[in-house]
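In this chain, residues are counted from 1 in sequence order.
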Amino acid sequence: MHVSQMDCEPPFLETYKTLVQKHVEDSKNIDSSSLLERSGELPLIDLGRLNGERDECVKEIAEAASKWGFFQVVNHGISQELLERLQFEQKKLFYQPFINKSAQVNLSSLSAKSYRWGNPFATNLRQLSWSEAFHFSPTDISRMDQHQCLRLSLEAFTTRMFPLAESLAEILTCKLMNTKSNYFQENCLPKSSFIRLNRYPSCPISSKVHGLLPHSDTSFLTIVHQGHVRGLQLMKDGKWVDVKPNPQALVVNIGDFFQAFSNGVYKSIQHRVVAAEKAERFSIAFFYCPSEEAIIESQINPATYRKFTLREYRQQTEKDVKQTGDKVGLSRFLHS
């Protein structure tokens with residue numbers, strides 16, 4: 001690393017000084033322990049069984065999607081070597097000086113706001129995410145001429161991750177409707193997916209802030225490689241469950257669009273990342289999304305949600321975040 005650790009850190013304490021002072025004596029710490037169950041063992045599904053025990057494997061995937069909204073997969077076709085190579089490139093990217101990241105120096109070809117950190121709309125510490133991220137579209141990745149190794153790793157990752165997501169989406173839809181559907185091949189193209197590289201720096205006030213705010217995902221499916229460090233938690237039966245990392249597995253979760261598409265059969269579950277107290281944490285997330293104008297509507301009647309497009313959903317989310325500091329999500333699209 002050519003820069004000091006301090007040079008690469010976002011200025012959280014300095015930027016959010018007022019919020020820190022305002023809440024430093026606040027007794028209402030985040031409910032990290034009070035609602036926390038023991039570590040949760042997510043359903044673990046061996047995708048290799050799709051070749052020999054397909055019906056049973058499909059049943060397990062659908063059950064996990066409806067009961068948990070989350071599951072882990074092994075034999076997923078993404079090599080450990082590729083995941084390790086990508087994490088190495090990810091660290092190089094995050095370990096640049098903060099001033100370069102925030103100004104997107106050497107990253108001028110990327111979309112505006114590719115680099116994100118904190119929460120500019122936070123009005124109290126519990127709305128602050130102690131993390132930084134790079135959010136890439138496939139178009140962004142194709143333009144990364146100054147980061148060739150990162151570009152090649154991201155392209156290889158996307159090339160393998162997209163068919164995995166599409167296959168899981170089709171399996172879940174076939175189980176839901178008892179028939180094959182062309183919806184995903186027609187509406188969820190590689191160019192409408194996204195990749196997000198996350199870093200959670202160690203935090204001196206980790207009991208008072210989140211690493212990533214509780215949220216559900218604006219996607220059909222999200223697939224995450226979370227490395228070795230704990231931090232991911234999901235809401236199950238009213239309690240936060242700590243997801244134990246499994247370096248061999250990828251974590252799959254149902255997004256808001258699949259909950260609407262399945263009329264609530266598959267659950268888009270609130271999840272969060274707790275702030276890192278000592279060890280920094282990295283993760284890589286792939287968001288399987290429809291095109292901007294694709295119609296998202298329930299495949300089961302009577303429909304709980306009215307039909308909408310990704311564009312409408314994003315616009316509503318941006319409006320809600322600006323007004324409330326948080327995403328409201330699917331409840332905005334319930335049938336009146």
Q: Start with the C-alpha distance between Arg314 and Glu292, add both sets of side-chain angles, then the distance that settles side chain to side chain contact (heavy atoms under 4.5 Å, CB included), and finish with yes or no.
A: CA-CA 9 Å; Arg314 281 222 181 102; Glu292 288 268 304; 2.7 Å; yes
Are any of the side-chain heavy atoms of [X] and [Y] separated by less than 4.5 Å?
| X | Y | result |
| --- | --- | --- |
| Gln72 | Leu44 | yes |
| Lys327 | Tyr313 | yes |
| Val273 | Arg281 | yes |
| Tyr266 | Ser66 | yes |
| Lys92 | His147 | no |
| Asp55 | Val58 | no |
| Phe286 | Thr158 | yes |
| Leu86 | His225 | no |

Q. Is the gap between the ring centers of Tyr305 and Phe333 under 6.0 Å?
A. no
I'd like to know if [Y] and [X] are part of one continuous hydrophobic network [Ile/Leu/Val/Met/Phe/Trp/Tyr, side-chain heavy atoms within less than 4.5 Å].
| X | Y | value |
| --- | --- | --- |
| Ile61 | Met177 | yes |
| Leu334 | Val265 | yes |
| Ile195 | Leu93 | yes |
| Leu42 | Val229 | no |
| Leu152 | Met161 | no |

Once you measure the plane-to-plane angle for [X] and [Y], does it fall in the parallel (<30°), tilted (30-60°) or perpendicular (>60°) bin?
| X | Y | answer |
| --- | --- | --- |
| Phe257 | Phe308 | tilted |
| His215 | His271 | tilted |
| Phe258 | Phe184 | tilted |
| Tyr115 | Phe134 | tilted |

If you take all heavy atoms of [X] and [Y], which pair is closest and at what distance?
| X | Y | value |
| --- | --- | --- |
| His210 | Leu213 | ND1-CD2, 3.6 Å |
| Trp68 | Ile269 | O-CG1, 3.0 Å |
| Ser192 | Pro290 | CB-O, 3.5 Å |
| Cys289 | Thr218 | SG-O, 3.7 Å |
| Asp217 | Ser268 | N-OG, 4.1 Å |
| Gln226 | Pro245 | NE2-CA, 3.5 Å |

With rounding to the nearest 0.5 angstrom, report the [atom1] to [atom2] distance, [X] to [Y].
| X | Y | atom1 | atom2 | answer |
| --- | --- | --- | --- | --- |
| Ile171 | Ile45 | CD1 | CD1 | 9.5 Å |
| Glu9 | Phe94 | CD | CZ | 11.0 Å |
| Arg49 | Glu56 | CZ | CD | 6.0 Å |
| Phe220 | Asn187 | CZ | CG | 7.5 Å |
| Leu234 | Ser216 | CG | OG | 13.0 Å |
| Leu154 | Leu150 | CG | CG | 4.5 Å |

Q: Begin from the C-alpha positions of Ser129 and Asn119 and carry the test side chain to side chain donor-acceptor pair (under 3.5 Å) through to its verdict.
A: CA-CA 6 Å; Ser129 288; Asn119 176 7; over 6 Å; no
**Q.** Member of Pro10, Ser206, Pro201 meeting the side-chain contact (heavy atoms from CB on, under 4.5 Å) criterion with Trp130
**A.** Pro201
Test item: [X] side-chain N/O and [Y] main-chain N/O as donor-acceptor pair under 3.5 Å:
| X | Y | value |
| --- | --- | --- |
| Gln299 | Glu297 | yes |
| Glu312 | Thr309 | yes |
| Lys101 | Cys8 | yes |
| Lys67 | Ala65 | no |
| Asn124 | Gln127 | yes |

Q. Leu189: which other cluster members, linking ILVMFWY side chains closer than 4.5 Å, directly or transitively?
A. none
Q.
Can you list, by chain and residue number, the hydrophobic cluster partners of Phe194 when the side-chain cut-off is 4.5 Å?
A. Phe287
**Q.** Residues Thr317 and Asp320: side-chain donor-acceptor under 3.5 angstrom
**A.** no
Q. By ring pair (Phe, Tyr, Trp, His ring centres under 6.0 Å), which residues pair with Tyr200, not counting sequence neighbours?
A. none
May I ask you to say whether [X] pairs ionically with [Y], meaning some side-chain N is under 4.0 Å from a carboxylate O?
| X | Y | value |
| --- | --- | --- |
| Arg85 | Glu81 | yes |
| Glu63 | Lys175 | no |
| Lys180 | Glu170 | no |
| Arg151 | Glu155 | yes |

[X] [atom1]: over 12 foreign heavy atoms closer than 6.0 Å:
| X | atom1 | result |
| --- | --- | --- |
| His228 | NE2 | no |
| Gln148 | CD | no |
| Glu277 | CD | no |
| Gln80 | CD | yes |

Q. Between Val328 and Gln316, does a side chain to side chain contact (heavy atoms under 4.5 Å, CB included) hold up when you go through it step by step?
A. CA-CA 9 Å; Val328 176; Gln316 183 64 56; over 6 Å; no
(Q) Applying side chain to side chain contact (heavy atoms under 4.5 Å, CB included) to Asn263 and Asn301, what does each step give before you reach the verdict? (A) CA-CA 8 Å; Asn263 211 34; Asn301 288 312; over 6 Å; no
**Q.** Full working for side chain to side chain contact (heavy atoms under 4.5 Å, CB included) between Leu168 and Leu47
**A.** CA-CA 10 Å; Leu168 289 170; Leu47 296 182; 4.2 Å; yes
